[in-house]
**Q** 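Pasting a structure below so you can have a look.
Both backbone and side-chain heavy atoms feed into the values below; hydrogens, waters and symmetry mates do not. Residue numbers run from 1 in the order of the sequence given.
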Amino acid sequence: MKFFIDTANLEQIKEAKDLGILDGVTTNPSLMAKEGIKGDEAIKNHYKAICEIVDGDISAEVLSTTYEEMIKEGDELAAIHPNIVVKIPMIKDGIKALKYFSDKGIKTNCTLIFSPGQALLAAKAGATYVSPFLGRLDDITTDGLNLIQEIRLIFDNYMYDTEILAASIRHSMHIIDCAKIGADVITSPLPPILSLLKHPLTDSGLAQFVADSQKLA
Ligand code: E4P
């Protein structure tokens, strides 16, 4: 399973990269706004900076919602760096844009997926990734993991190449559950990734080993 980090914060991206387990980055307009990025030039420069840190797929989301604008914006984003993946919302014009980029050989990530039908349409249009939003479904008392299971079944039935990129991860159990189900990728903020490291028995076991190692000197 691939690990992406879901942030536009360069420090956190560096920290995850330094762990040696990072395969890519996803961003969205809310995450970019959180970092205070404003204006076309600043947005492009920020993506350049991310691409310089991580050698992997970097999702850059279009801000527009019509077909013509999305393909113009997506072409500009894709020109920033070969690792840019154009992130397109799951809307009717978005499906057309996915097909346009797929035909051009440009990678895409179809975002805001909340149903198996949406994932199926995105895969048919040639999306590289579909992003089902786990946590946001959980927020409305709907089983987000079940959605990922259903998409897995559909993609396996027809051997679609489209990868399931589990998004809106809120805690480390989401990551474990996605790995059990067979999501191809998870994209997570840094804390859930770091909390995979933790176990109290590891901490107490190490404390004991460190104490006993003094007796060996
Ligand atoms: C996906 O690519 C999105 O950036 C993200 O996972 C949304 O997560 P949120 O529900 O925590 O905003």
**Q** By side-chain hydrogen bond (donor to acceptor under 3.5 Å, both in side chains), which residues pair with Q12, not counting sequence neighbours?
**A** none
**Q** Can you tell me how far CD of E73 sits from OG of S64, rounded to the nearest 0.5 angstrom?
**A** 3.5 Å
**Q** Is it true that Y47 and T27 share a donor-acceptor pair across their side chains at a distance under 3.5 Å?
**A** yes
**Q** Set out, in order, the CA-CA distance, both residues' side-chain angles and the distance that settles side chain to side chain contact (heavy atoms under 4.5 Å, CB included) for I106 and D75, then state yes or no.
**A** CA-CA 9 Å; I106 291 173; D75 273 331; 3.9 Å; yes
**Q** Are D143 and L137 close enough that some pair of their side-chain heavy atoms sits under 4.5 Å apart?
**A** no
**Q** Roughly how far, to the nearest 0.5 Å, is the CG atom of D6 from the CG atom of N28?
**A** 6.5 Å
**Q** Are F3 and Y129 in one and the same hydrophobic cluster, where Ile, Leu, Val, Met, Phe, Trp and Tyr link if side-chain heavy atoms are under 4.5 Å apart?
**A** no
**Q** Are K99 and D103 close enough for a salt bridge, meaning some N to O gap below 4.0 Å?
**A** yes
**Q** In Å and rounded to the nearest 0.5 Å, what is the CD1 to CD1 distance from I37 to I43?
**A** 8.0 Å
**Q** Roughly how far apart are I50 CD1 and N83 CG, rounded to 0.5 Å?
**A** 12.0 Å
**Q** Among pairs that include at least one residue of residues 171-202, which meet ring-ring contact (aromatic ring centres under 6.0 Å, His included), considering only residues two or more places apart or in two chains?
**A** H171-H174
**Q** Under 4.5 Å between side-chain heavy atoms, counting indirect links through other Ile/Leu/Val/Met/Phe/Trp/Tyr residues: same cluster for V85 and I80 or not?
**A** no
**Q** Pairs in or reaching into residues 181-192: which pass side-chain hydrogen bond (donor to acceptor under 3.5 Å, both in side chains), with residues at least two apart or in two chains?
**A** T26-T187, R152-D184
**Q** Can K96 and Y100 be counted as having a side-chain donor-acceptor contact under 3.5 angstrom?
**A** no
**Q** Test R170 against D138 for salt bridge (Lys or Arg N to Asp or Glu O under 4.0 Å), laying out the working first.
**A** CA-CA 10 Å; R170 298 283 160 75; D138 288 358; over 6 Å; no
**Q** Indicate yes or no: at least one non-hydrogen side-chain atom of L22 is less than 4.5 angstrom from one of V54.
**A** yes
**Q** List the atom of P189, the atom of I5, and the distance in Å for their closest heavy-atom pair.
**A** C-CG1, 4.5 Å
**Q** Closest heavy-atom contact between I154 and P116?
**A** CD1-CB, 3.8 Å
**Q** Please tell me whether N109 and S59 have a donor and an acceptor in their side chains that are separated by less than 3.5 angstrom.
**A** yes
**Q** Ignoring hydrogens and geometry, is there a side-chain-to-backbone donor-acceptor pair from Q118 to S115 under 3.5 Å?
**A** yes
**Q** Please check if L31 and F133 belong to a single hydrophobic cluster, counting links between Ile, Leu, Val, Met, Phe, Trp and Tyr side chain heavy atoms closer than 4.5 Å.
**A** no
**Q** Quick one: does I169's side chain get under 4.5 Å of I193's, heavy atoms only?
**A** no
**Q** How close do S131 and T111 get, heavy atom to heavy atom, and via which atoms?
**A** CB-CA, 4.1 Å
**Q** Where do A60 and I84 come nearest, in terms of heavy atoms and distance?
**A** CB-CG2, 4.1 Å
**Q** Which heavy atom in S172 sits nearest to a heavy atom in L196, and how many Å separate them?
**A** CB-CD2, 3.7 Å
**Q** For D212, does the CG atom have more than 12 heavy-atom neighbours from other residues, nucleotides or ligands under 6.0 Å away?
**A** yes
**Q** For a side chain to side chain contact (heavy atoms under 4.5 Å, CB included) check, start with the C-alpha distance between K198 and T202, then their side-chain angles and the critical distance, and finish with the verdict.
**A** CA-CA 7 Å; K198 300 302 289 176; T202 304; over 6 Å; no
**Q** Answer yes or no: is there a side-chain heavy-atom contact under 4.5 Å between L194 and E15?
**A** yes
**Q** Are any non-hydrogen side-chain atoms of D57 and F4 less than 4.5 angstrom apart?
**A** yes
**Q** Looking at every non-hydrogen atom in both residues, tell me the closest pair between T162 and A127 and how far apart they are.
**A** OG1-O, 2.7 Å
**Q** Find out whether I58 and H81 are in side-chain contact, i.e. whether some heavy atom of one side chain is under 4.5 Å from a heavy atom of the other.
**A** no
**Q** Is a donor on one side and an acceptor on the other found under 3.5 Å between the side chain of T7 and the backbone of N9?
**A** yes
**Q** Should the pair E11-K14 be classified as a salt bridge under the 4.0 Å nitrogen-to-oxygen rule?
**A** yes
**Q** Any chance you could lay out the side chain to side chain contact (heavy atoms under 4.5 Å, CB included) test for F101 and I88, step after step, and finish with the verdict?
**A** CA-CA 10 Å; F101 288 116; I88 305 273; 3.8 Å; yes
**Q** Is the backbone N or O of V185 less than 3.5 Å from a side-chain atom of E163, with the two atoms forming a donor-acceptor pair by type?
**A** no
**Q** For side chain to side chain contact (heavy atoms under 4.5 Å, CB included), just list the numbers for M1 and I186, CA-CA rounded to whole Å, side-chain angles, deciding distance to a tenth of an Å, and then say yes or no.
**A** CA-CA 7 Å; M1 185 171 75; I186 57 94; 3.8 Å; yes
**Q** Would you mind checking if E68 and K72 are paired as a salt bridge, meaning a charged N to carboxylate O distance below 4.0 Å?
**A** no
**Q** Less than 4.0 angstrom from a charged side-chain N to a carboxylate O is my criterion; do K17 and D55 meet it?
**A** no
**Q** Does I13 belong to the same Ile/Leu/Val/Met/Phe/Trp/Tyr cluster as L197, with side-chain heavy atoms less than 4.5 Å apart forming each link?
**A** yes
**Q** What I'd like to find out is whether the side chain of V130 reaches to under 4.5 Å of the side chain of L165, using heavy atoms alone.
**A** no
**Q** Going by heavy atoms in the side chains, are M32 and H46 under 4.5 Å from each other?
**A** yes
**Q** Look at the side-chain heavy atoms of Ile, Leu, Val, Met, Phe, Trp and Tyr, link any pair under 4.5 Å apart, and say whether L153 and L134 land in one connected group.
**A** no
**Q** Report yes or no: does S168 contribute a side-chain atom to a donor-acceptor pair with the main-chain N or O of R136 at less than 3.5 Å?
**A** yes
